[in-house]
Amino acid sequence: MTEDFSEEFLSTILKGGRIGHSLVFFSEVDSTNTIAFQLAVKGAPEGTIVVADRQTKGKGRMHRVWQSPPGCNIYTSIVLRPKIAPAIAPQITLLAGVAVADVLSAWFKEGVTLKWPNDVLLRGRKISGILTEMKTSSAGVDFVIVGIGINVNMSYAQMDGLSHGLATSMMIESAGEIPRSEVIAGLCKGLAGLYTGFLDHGFEPVKKRWLRYCDMIGKPVQIAFKDDIQNGQVTGLDDDGALIIMNGSGKRQRILAGDASIKKER
Ligand code: BTN
């Protein structure tokens, strides 16, 4: 399949949307998040989208590398300027997770789940990750950069050994190539709708939808953050995006950062 993933085509299909009206396209870049951050510092308007065909220094959470080979995936970063306090900015990450889960659900009727804080899984394997970065000032949030990577047409051969069994792509799960432009267009439209709803009605509706996609509630989990390991049962999600767990002694704990894994029950 030959797909049109050119700057010209993408700007045509994204034209006029709340998200994507201004496209900055690269065939190769270090990281779309780095570029979007620099553009936002220079005043890029809300809804500016940076897209690359390949990243040479794709950034993941916790200083990990995000594998970003050419010609197959979506690497995008979006500038948002919500008038919110920095403490609730994690809500934007969760909102982006719902937008990605929604767009994937258009292709896969079942099996799309969200894993706190920001992994999107398909049939239990990671297919997308979200990295938000923000700049604040005394007035609050100046801007948030929502960086989204979606494995669209990546093959197992393009993944490093570590990812085997843990990661997947839309093509692997559907046995056919998928036009990235359609995925980006759906993502921008969905994200714009959710973001508008969030600004008008707050986080509650987003939280409800996030919880519907999350299959961790009630399950025993282990959360690793640096050298710290916490165990407990997931009971919910806080309004600031923290995961709520109940530990072995029945104490409620708010988890603000870390890698969560569901423990196998014996
Ligand atoms: C994660 O660790 O799960 C987050 C991965 C985020 C990757 C995306 S790809 C587009 C944007 N640019 C980056 O360098 N990272 C994000």
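Everything quoted here is computed from the prediction, not taken from an experiment.
A search for ring pair (Phe, Tyr, Trp, His ring centres under 6.0 Å) contacts involving Phe143 returns Phe37, not counting sequence neighbours. Residues forming a ring pair (Phe, Tyr, Trp, His ring centres under 6.0 Å) with Tyr156 (at least two apart in sequence, or on another chain): His164.
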- List the steps, then state whether side-chain contact (heavy atoms from CB on, under 4.5 Å) holds for Ile127 with Leu104. CA-CA 9 Å; Ile127 193 161; Leu104 290 173; 3.5 Å; yes

- Verify side-chain contact (heavy atoms from CB on, under 4.5 Å) between Leu114 and Leu121, making sure each step is shown before the conclusion. CA-CA 6 Å; Leu114 287 168; Leu121 311 185; over 6 Å; no

- Task: Evaluate the criterion side-chain contact (heavy atoms from CB on, under 4.5 Å) for residue pair Asp259 and Phe225; output intermediate values, then yes/no.
- Result: CA-CA 6 Å; Asp259 274 328; Phe225 184 62; over 6 Å; no

- Message: Under the criterion side-chain contact (heavy atoms from CB on, under 4.5 Å), I'd like the reasoning laid out for Val41 against Lys135: C-alpha separation, chi angles, the key distance, then a yes or no.
- Response: CA-CA 8 Å; Val41 168; Lys135 184 171 173 297; 4.2 Å; yes

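The pair Asp119-Arg125 fails the salt-bridge criterion, with no side-chain N (NZ, NE, NH1 or NH2) lying under 4.0 Å from an Asp/Glu carboxylate O. Ion pair Lys115/Asp215 not flagged as a salt bridge, since none of the NZ, NE, NH1 or NH2 atoms sits closer than 4.0 Å to an Asp/Glu carboxylate oxygen. Between Lys207 and Asp239 there is a salt bridge, since a side-chain N of the basic residue sits under 4.0 Å from a carboxylate O of the acidic one. Lys59 has no carboxylate O lying under 4.0 Å from a charged side-chain N of Asp30, or vice versa, which leaves the two without a salt bridge.
Nearest heavy-atom pair across Gly58 and Ser68 is CA-OG, 3.9 Å. Scanning both residues, Leu199 and Pro82, for their nearest heavy atoms gives CD2-CB, 4.3 Å. Leu10 and Ser181 make their closest contact through CD2-CB, 3.8 Å (heavy atoms, listed as atom of the first residue, atom of the second, distance). The shortest non-hydrogen separation linking Ala260 to Ile223 is CB-CD1, 3.6 Å. Of all heavy-atom pairs between Asn73 and Pro69, the closest is ND2-CD, 4.2 Å. Residues Ala89 and Met134 share a closest heavy-atom pair of CB-SD, 3.5 Å.
With hydrogens and angles disregarded, no donor-acceptor distance shorter than 3.5 Å links the side chain of Asn153 to the backbone of Glu177. The main-chain N or O of Ala242 is never found under 3.5 Å from a side-chain atom of Trp116 such that the two would form a donor-acceptor pair. Glu3 places a side-chain N or O within donor-acceptor distance of the main-chain N or O of Arg180, the cut-off being under 3.5 Å. The main-chain N or O of Gly218 is found under 3.5 Å from a side-chain atom of Gln233 such that the two form a donor-acceptor pair. Gln158 contributes a side-chain N or O that, together with a main-chain N or O of Ser155, makes up a donor-acceptor pair within less than 3.5 Å. Asp238 places no side-chain N or O within 3.5 Å of a backbone atom of Asp240 that could act as its donor or acceptor partner. Arg61 places a side-chain N or O within 3.5 Å of a backbone atom of Gly258 that can act as its donor or acceptor partner. Between the side chain of Arg81 and the main chain of Ala44, a donor-acceptor pair closer than 3.5 Å is present. For Ser128 (side chain) and Ile150 (main-chain N/O), no donor-acceptor pair under 3.5 Å exists by modelled atom type.
Both Val98 and Leu191 are assigned to one and the same hydrophobic cluster, defined by single-linkage of ILVMFWY side chains at heavy-atom distances under 4.5 Å. Following chains of ILVMFWY side-chain contacts shorter than 4.5 Å, one can reach Val152 starting from Phe9, so the two form part of one hydrophobic cluster. Under the 4.5 Å side-chain heavy-atom criterion for ILVMFWY residues, a single connected hydrophobic cluster contains both Phe203 and Leu243. Cluster membership check: Ile217 shares its hydrophobic cluster with Val120, using side-chain heavy-atom separations under 4.5 Å among Ile, Leu, Val, Met, Phe, Trp and Tyr. Cluster membership check: Ile35 does not share its hydrophobic cluster with Phe5, using side-chain heavy-atom separations under 4.5 Å among Ile, Leu, Val, Met, Phe, Trp and Tyr.
Between Tyr195 atom OH and Ile92 atom CD1 the span is 5.5 Å, to the nearest 0.5 Å. Atom CG of Leu95 sits about 5.0 Å away from atom CG of Leu194, to the nearest 0.5 Å. Within the model, atoms OG of Ser174 and CH2 of Trp107 stand 10.0 Å from one another, a figure rounded to the nearest 0.5 Å. Rounding to the nearest 0.5 angstrom, the gap separating the CG atom in Leu187 from the OG1 atom in Thr76 is 7.0 Å. Distance check, rounded to the nearest 0.5 Å: CD1 of Ile145 to OG1 of Thr34 gives 10.0 Å. The structure places CD1 of Ile74 at 4.5 Å from CD1 of Ile184, a figure rounded to the nearest 0.5 Å.
Here Met246 sits alone; no ILVMFWY side chain lies under 4.5 Å from its own, so it joins no hydrophobic cluster. Other members of the cluster containing Ile229 do not exist, because no ILVMFWY side chain is joined to it at under 4.5 Å.
Between Asn33 and Ser77, the side chains place a donor N or O and an acceptor N or O closer than 3.5 Å (distance only, hydrogens not considered). Side-chain contact, Tyr75 with Asp53: no donor N or O sits under 3.5 Å from an acceptor N or O. Under the 3.5 Å distance criterion, with hydrogens and angles disregarded, a donor-acceptor pair is assigned to the side chains of Glu173 and Thr168.
Val100 is listed as a side-chain neighbour of Ile148, based on a closest heavy-atom distance under 4.5 Å. Side-chain atoms of Thr56 and Val29, non-hydrogen and from C-beta on, never get closer than 4.5 Å to each other. At a threshold of 4.5 Å between non-hydrogen side-chain atoms, the residues Ile255 and Gln230 count as touching. In this structure, Val112 and Arg123 have side chains that are not in contact, with every pair of non-hydrogen atoms separated by 4.5 Å or more. Counting heavy atoms from C-beta outward, Thr235 and Met216 have side chains that stay 4.5 Å or more apart. At least one side-chain heavy atom of Ile178 sits under 4.5 Å from a side-chain heavy atom of Met170. Contact annotation: the side chain of Phe25 never approaches that of Ile49 to less than 4.5 Å [non-hydrogen atoms, C-beta and beyond]. By the 4.5 Å heavy-atom criterion applied to side chains, Trp210 and Leu237 are counted as neighbours.
Applying the side chain to side chain donor-acceptor pair (under 3.5 Å) test to every pair with at least one member in residues 84-100, sequence neighbours left out, gives these pairs: Thr93-Thr132.
Surrounding CD of Glu204 are more than 12 heavy atoms belonging to other residues, nucleotides or ligands, all under 6.0 Å away.
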Sequence neighbours excluded and cut-off under 3.5 Å, please list the side-chain donor-acceptor pairs for residues 14-22, or say none.
unit_1, atom_1, unit_2, atom_2, d
Arg18, NH1, Thr196, OG1, 2.9
His21, NE2, Glu46, O, 2.7

